[in-house]
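What follows is a set of notes on a single structure, which appears directly below.
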There are 2 protein chains.
Amino acid sequence: MSAPHPAAGRPEKRRAITGAARRVFGNEGYVRAGVDAIAAEAGVSKRTIYNHFRDKEDLFLSVALEGAHEVTETIARLLDRHLRKIVDVADDLTAFALERVAAVAEFPEHFALVRTIEAEAARIPPAVLEEWIKAGPQTAHLRLAPYLARMADDGLLTPEDPERAADHFNLLTVVNVNQRTFYGAIPLPPEQVTELVTDGVRTFLRLYGR
Amino acid sequence: MSAPHPAAGRPEKRRAITGAARRVFGNEGYVRAGVDAIAAEAGVSKRTIYNHFRDKEDLFLSVALEGAHEVTETIARLLDRHLRKIVDVADDLTAFALERVAAVAEFPEHFALVRTIEAEAARIPPAVLEEWIKAGPQTAHLRLAPYLARMADDGLLTPEDPERAADHFNLLTVVNVNQRTFYGAIPLPPEQVTELVTDGVRTFLRLYGR
DNA sequence: GTCTATAAAAAGATAGAC
DNA sequence: GTCTATCTTTTTATAGAC
């Protein structure tokens with residue numbers, strides 16, 4: 001993977017490469033993206049890329065994994081910010097879901113890359129794919145559960161299986177929007193996003209609200 | 001698109017080409033799939049492909065649209081079979097959802113192609129993409145609504161906006177499974193699929209059941 | 001309309017100098 | 001470790017014979 005290759009050169013070059021790769025892979029997709037183009041975008045020679053990464057696939061998967069961690073951390077911060085202390089259940093959940101959805105628009109290259117991963121899923125080594133899923137979507141997904149459990153403990157939600165509740169929350173809000181926008185590839189008018197998310201939270205509370 | 005080209009030769013050849021294209025595009029993705037490979041798979045010369053289709057993109061989009069119509073019709077038949085006459089709301093909805101989900105496994109090449117379309121969404125001409133969405137996912141999605149409306153009229157469901165209810169049904173069943181399996185690229189154990197779908201219908205009925 | 005042969009461009013990866 | 005130059009393969013698309 002992104003493991004420190006035998007000869008890891010200037011870390012600064014490496015970061016230039018991964019940044020460029022994220023952009024080019026995001027814009028062009030895996031196959032169409034040329035290593036030439038990535039090298040040009042990074043301001044680095046092609047040979048330097050091959051000194052840092054075994055091959056094109058290694059570069060792609062490294063960048064994908066890096067982005068997954070980044071987005072997961074961003075979502076963890078959103079969870080903490082909106083759901084650590086609850087003022088109003090509906091308002092706080094809605095605010096969280098809206099920012100969670102907006103995060104997709106804030107990492108356009110990453111989510112373009114996510115679409116590429118989904119398309120290439122059957123051709124990615126299963127172990128690597130699993131690692132990516134665990135680092136990214138699965139964790140971002142499941143980290144909501146403990147917050148819901150806490151809210152149930154505090155009598156703010158009906159006490160049910162928190163992981164299942166988290167699934168339903170995600171489906172009714174984030175997944176719904178991502179499904180329609182193709183992870184941001186076909187943007188939706190903001191007011192429509194707001195409406196979808198608001199309705200999703202309302203529906204969630206019909207299931208789990210007090 | 002698939003419009004009858006100036007010189008449309010043997011219709012039989014054309015069908016051989018589209019069938020081969022569906023398989024090769026499905027297995028390799030758009031960019032990696034070679035026109036050579038499609039010609040070989042179809043048992044046809046490459047030139048013949050270019051006589052029937054303007055270029056590779058035209059071929060791909062034609063096949064995608066054709067597949068979308070096909071799957072939409074399949075789902076329409078499932079709707080009619082399971083939901084035209086209701087015996088038991090929960091049983092009938094579950095049976096429908098299970099077959100609806102299974103349909104993804106029955107058209108593996110098509111849904112591999114769907115993943116490719118999602119990945120390429122930002123690079124597909126918007127008008128063409130919209131046409132595909134309307135022919136495929138959107139229609140398959142919305143055709144459920146009238147059945148739910150009918151069930152509400154018959155007092156089997158609470159009378160609410162049927163399109164929204166259809167959204168929620170799809171999210172809680174089909175989308176949930178497709179999200180996890182990447183449209184069938186990473187299959188799930190059948191019993192787990194059954195559990196997810198059953199739970200989804202149960203949750204749907206907590207929202208809309210009597 | 002269909003075929004074989006080919007043109008023309010682009011891709012991934014490496015050799016070898018510094 | 002990084003660069004320039006190059007090798008080799010594969011790609012899309014077309015010319016020209018039948």
Side-chain angles (χ1 to χ4, degrees), chain A residues 1-64 116 119-120 123-125, chain B residues 1-64 116 119-120 123-125:
Chain A
M1 281 306 72
S2 99
H5 234 238
R10 316 229 183 310
E12 149 198 335
K13 295 268 181 189
R14 193 194 165 92
R15 284 193 51 83
I17 293 169
T18 54
R22 178 163 41 216
R23 289 189 292 277
V24 177
F25 280 132
N27 286 326
E28 308 287 344
Y30 176 69
V31 186
R32 209 186 314 249
V35 179
D36 280 309
I38 296 173
E41 172 87 12
V44 157
S45 115
K46 191 159 53 167
R47 185 63 232 238
T48 301
I49 293 183
Y50 282 95
N51 282 337
H52 281 266
F53 299 91
R54 186 167 11 86
D55 54 17
K56 187 186 177 183
E57 184 183 344
D58 180 35
L59 173 57
F60 175 80
L61 294 173
S62 301
V63 169
T116 298
E120 299 283 330
R123 287 175 288 274
I124 295 177
Chain B
M1 281 310 70
S2 100
H5 237 235
R10 316 230 185 309
E12 151 198 331
K13 295 267 182 191
R14 191 193 167 93
R15 284 194 50 83
I17 293 169
T18 53
R22 177 163 41 214
R23 288 189 292 277
V24 177
F25 279 132
N27 286 325
E28 308 287 342
Y30 177 69
V31 186
R32 207 185 317 248
V35 180
D36 280 308
I38 296 173
E41 172 86 13
V44 157
S45 114
K46 191 158 55 168
R47 185 64 231 238
T48 301
I49 292 182
Y50 282 96
N51 282 336
H52 282 267
F53 300 92
R54 188 170 6 89
D55 54 18
K56 187 186 176 182
E57 183 183 346
D58 181 34
L59 172 58
F60 175 80
L61 295 174
S62 301
V63 169
T116 298
E120 298 283 330
R123 288 176 287 275
I124 295 176

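Quick note on labels: first sequence line is chain A, next is B, and so on, each numbered from 1.
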Can you tabulate the close N/O pairs, meaning under 3.5 Å, that link protein atoms to atoms of nucleotides 12-16 of chain D?
residue : atom : partner : partner atom : Å
D:dT12  : OP1  : B:A33   : O            : 3.0
D:dT12  : OP1  : B:K56   : NZ           : 2.7
D:dT12  : OP2  : B:V35   : N            : 3.0
D:dA13  : OP2  : B:Y50   : OH           : 2.9
D:dA13  : OP2  : B:K56   : N            : 3.3
D:dA13  : N6   : B:K46   : NZ           : 2.6

Legend entry - Residues that B:R123 engages under salt bridge (Lys or Arg N to Asp or Glu O under 4.0 Å), provided they are two or more places apart: B:E120

Inset, instruction - Would you check if B:I38 and B:L59 make a side-chain contact, meaning some heavy-atom pair closer than 4.5 Å? - result: yes

Legend entry - Closest contact, heavy atoms only, B:A119 versus A:A119: CB-CB, 3.6 Å

Inset, instruction - Respond yes when some side-chain nitrogen or oxygen of A:T48 is under 4.0 Å from OP1 or OP2 of D:dC3, and no when none is. - result: yes

Legend entry - Nearest-Å distance for atom pair CZ/C1', residues A:F53 and C:dT14: 18 Å

Inset, instruction - Could you tell me the separation between the CZ atom of B:R15 and the P atom of C:dG1, rounded to a whole number of Å? - result: 19 Å

Inset, instruction - Rounded to the nearest angstrom, tell me the gap between atom CD1 in A:I38 and atom C1' in C:dA10. - result: 15 Å

Inset, instruction - Classify the side-chain pair B:N27/B:R23 by whether it contains a donor and acceptor separated by less than 3.5 Å. - result: no

Inset, instruction - Figure out the CD1/P separation between B:I17 and C:dG1, and round it to whole Å. - result: 12 Å

Inset, instruction - Report yes or no: does B:K56 contribute a side-chain atom to a donor-acceptor pair with the main-chain N or O of B:V31 at less than 3.5 Å? - result: yes

Inset, instruction - Just jot down the salt bridge (Lys or Arg N to Asp or Glu O under 4.0 Å) partners of A:K46, sequence neighbours excluded, or say none. - result: A:D36

